[in-house]
Amino acid sequence: MTSMFKEDPVFKTNPETVGSLIRSIHDGSLALPNFQRSFVWEPKRTVELIKSIILRYPAGTLLTWEQSSSHRFDSRPFEEAPEGIGVEPRRLVLDGQQRLTSLYHVLSGKGEYQFFIKVWPFIDESDYTLRPLEEVELETAIVAYDTRGRLRFDPLDEEWQLANGTFPLSSFHELRKSFRALSRAVVEDRERQDLLEETLHQLREGYLQPLESYPFPVVDLPESTSLLAVCNIFETLNKTAKPLGAFELLTAKFYPSGARLREWWERGQEEYPILVEFDVDPYNLLQSISLRARGSAQRTDILGKLTSDELKQFWDDSVAAAADVLDMLKRECGVISPQWLPYGMLLVPMAAIWSELRTLRPQQQAEARERLLQYYWCSIFTENFDQGANSQVGADYKLLKAWVVDPDAQEPEAVKDFDLTDADLLSARANRKALYRGVMSLLIQGGAKDFRSAQAVSNSRPSEAKLEAVQVFPKAWLQRNSSESGADLILNRIMVDGETRRSIKSRPIHEFVEAQDATAQKRLLETLESHLVNVEEGYGFRSADYADFLQERLSLVLEAIEGVTGQSVVMDSEVGEP
């Protein structure tokens, strides 16, 4: 067997000069995939890039992808580059758009701003010699002017340029003529004219030449590179930028076949505002479609096997299903905002089987919805999606599809193997996000009230649904008054609005309540009760006994969990009993 280290790499790396790259942009052989965002750099970022290139500092790697003659992605020219010149792009730029667009604008004179070099910061005027580059203040030597705006002067006027020793970098190849004119304009003595002209040529050839010859490392992916590899390589090289996801790649891949994913997604967002409200990732819709078409939500299947026809067949139904599922979670599960959605990934299998529910008679449909909600709650409280979510989705879908319509079929893993224990919940901290959000949304679903209005939180408008979690017994108070620790436990949290949090300040909640008048106290205690806090006299909350408070609240929360999951929580004290 050939060693993996002897096989050809999935990519090749070549240095390419700025000049070569700019020519490729201009002739259309280097282009952008249509899913790339627009050019957004401000002039100061372009100036910083110019400085790095002049100083020959590293300016990052570029990532390109060769295009095949048999299949081409939807593409567009770089901003301000010529369009419709009849040349099919040989490569698409996946990483480096902003840098290359900036340099194209700099050297072509295109774009809203033009960039100029001031020559005098580079020259010692006492003897017309070139200053060492490290002594030049490049911040003042490179400037950008909005030549389309209203300036009090015209930086493109040759007389102004000579008077100010300032020339456009777009005239890089014509600077010799400008430098001769400058030396003749500022010096009368012929010998000193020649000296200044020679120094200006040294400036161009020595300091400015990298604007033509600077070599960018280019990682070039061959046309045979799979979509999955493209995603993985992009993510490896480009940790801080917007991810290049399967949705963007498939948008470009299927565009020629009439699958207008981007247009479909924008239309879906307009038709179903809840998708925008919950910031749904369109990739989740692709996963849902892949489940229905192929029984898998793995990225390899989505990128390598999903077809244009399958997208056309399932897209509209999947968008509507995702909106319906979110609406159900919002109305029936306390997920009144994205803040309380435990797993966005749960949307994938639930939306994929939603169409199964639509085929049932009303009574059967109601029963199937109950089982779907049971699956939802069980998945949260077993934290089944914390790891290997893509695989979990596929495994769940196969069982869920049958079980929601037939209660005698095998249950999904989260239902069948429900294993939440009282000890686990008692010790769970708020950094276990799914469990924490699950408990909080369960409180909302159960009728938790708003501390200001005393109305159910679930009745709040979206603009009012932003809640903050506060500790019933703050850490500082526990350190002073209790031998117990663990202030960041989930069971020590309640949800309040921002105004109430500011009123509470750093006090424990029981002290905040006691500081109110009798009417306010009664209202606040009723509100706390709706958050599953035992507020009776002599119990942990009122007596400021943290250990008792936790045990009492644990009992109430466990009862609520058992109600929605239809499962019994394992009580550690009962383990091992006959």
Side-chain angles (χ1 to χ4, degrees), residues 334 340 420-430 432 435-458 467-564 569 571-573:
W340 304 116
L420 180 67
T421 70
D422 62 335
D424 189 28
L425 184 58
L426 181 62
S427 62
R429 301 179 184 276
R432 290 171 63 174
L435 192 59
Y436 166 59
R437 293 175 179 179
V439 170
M440 295 299 118
S441 59
L442 180 62
L443 298 180
I444 297 172
Q445 184 253 16
K449 296 179 180 180
D450 175 71
F451 275 78
R452 278 191 300 162
S453 67
Q455 301 297 311
V457 171
S458 57
L467 301 172
E468 302 179 36
V470 297
Q471 295 172 347
V472 179
F473 291 90
K475 181 178 180 180
W477 185 92
L478 287 174
Q479 290 173 337
R480 293 192 308 268
N481 299 280
S482 174
S483 59
E484 300 291 333
S485 59
D488 57 344
L489 297 177
I490 292 174
L491 292 176
N492 191 34
R493 302 275 181 142
I494 59 171
M495 298 165 293
V496 300
D497 59 275
E499 184 176 323
T500 300
R501 180 189 59 76
R502 289 187 289 273
S503 298
I504 294 171
K505 297 180 180 177
S506 59
R507 290 177 287 180
I509 305 299
H510 72 274
E511 290 186 4
F512 167 69
V513 173
E514 291 167 357
Q516 312 304 313
D517 60 41
T519 301
Q521 279 192 33
K522 183 176 183 297
R523 178 176 56 80
L524 288 172
L525 290 174
E526 289 176 351
T527 299
L528 282 163
E529 221 172 3
S530 73
H531 288 250
L532 300 186
V533 174
N534 188 329
V535 297
E536 295 183 33
E537 290 281 3
Y539 286 82
F541 174 75
R542 299 287 287 277
S543 60
D545 187 315
Y546 188 52
D548 284 353
F549 161 77
L550 290 176
Q551 288 292 340
E552 292 155 7
R553 198 172 193 219
L554 172 66
S555 177
L556 294 172
V557 172
L558 288 180
E559 184 179 351
I561 290 174
E562 290 181 337
V564 294
V569 174
M571 307 300 288
D572 270 6
S573 58

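Everything numeric here is computed off the predicted structure, so don't read it as measured data.
For Glu526, the side-chain hydrogen bond (donor to acceptor under 3.5 Å, both in side chains) test picks out Lys522, with sequence neighbours left out. With sequence neighbours excluded, the residues that form a side chain to side chain contact (heavy atoms under 4.5 Å, CB included) with Ser453 are Asp450, Gln455. Remark: Arg542 engages Glu537 in a side-chain hydrogen bond (donor to acceptor under 3.5 Å, both in side chains) (not counting sequence neighbours). With sequence neighbours left out, the salt bridge (charged side-chain N to carboxylate O under 4.0 Å, His left out) criterion links Glu559 to no other residue. Lys475 pairs by the salt bridge (charged side-chain N to carboxylate O under 4.0 Å, His left out) definition with nothing, not counting sequence neighbours. In terms of the side chain to side chain contact (heavy atoms under 4.5 Å, CB included) criterion, residue partners of Gln521 (sequence neighbours excluded) are, by chain and number, Val513, Gln516. Scanning for salt bridge (charged side-chain N to carboxylate O under 4.0 Å, His left out) contacts around Arg429 gives Asp488, with sequence neighbours left out. By the side chain to side chain contact (heavy atoms under 4.5 Å, CB included) test, Arg501 pairs with Glu468, Val470, Val496, sequence neighbours left out. Legend: residues meeting side chain to side chain contact (heavy atoms under 4.5 Å, CB included) with Asp545, ordered by chain and number and at least two apart, are Ser543, Ala547, Asp548. In this structure Thr500 satisfies the side-chain hydrogen bond (donor to acceptor under 3.5 Å, both in side chains) test together with Asp497, sequence neighbours excluded.
Applying the ring-ring contact (aromatic ring centres under 6.0 Å, His included) test to pairs two or more places apart or on separate chains, those with a residue in residues 487-518 are Phe473-His510, Trp477-His510.
Minimum interatomic distance between Val569 and Asp422 (heavy atoms only, all atoms of both residues): CG1-N, 3.6 Å. Between Pro474 and Ser506 the shortest heavy-atom distance is CG-O, 3.5 Å. Heavy-atom minimum distance, Ala469 versus Tyr436: CB-OH, 2.8 Å. Contact between Leu528 and Ile494 at its shortest, heavy atoms only, is CD2-CD1, 3.8 Å. In plain terms, the two heavy atoms of Arg553 and Leu491 that are nearest each other are NH1-O, 2.8 Å.
Gln471 contributes atom CD, which lies 8.0 Å from atom CG of Leu478 (distance to the nearest 0.5 angstrom). Between Leu558 atom CG and Thr421 atom OG1 the span is 9.0 Å, to the nearest 0.5 Å.
Side chain of Tyr546 to main chain of Asn492: no donor-acceptor pair is present (N/O by atom type, distance under 3.5 Å, no hydrogens or angles). Looking only at distances, a side-chain donor or acceptor of Ser530 sits under 3.5 Å from a matching main-chain atom of Thr527. The closest donor-acceptor contact from the side chain of Ser503 to the backbone of Glu499 lies under 3.5 Å. Without hydrogens or angle criteria, Arg493 side chain to Ile490 main chain gives no donor-acceptor distance under 3.5 Å.
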For residues 441-449, which side-chain N or O atoms pair as donor and acceptor with protein atoms under 3.5 Å away, sequence neighbours left out?
unit_1 : atom_1 : unit_2 : atom_2 : d
Ser441 : OG     : Arg437 : O      : 2.9
Ser441 : OG     : Gly438 : O      : 3.1

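Taking the six-membered ring where the residue is Trp, Phe549 and Phe541 present tilted rings, their angle falling between 30° and 60°.
Residue Phe451 forms a side-chain contact (heavy atoms from CB on, under 4.5 Å) with just one option from Arg523, Met495, His531, and that option is His531.
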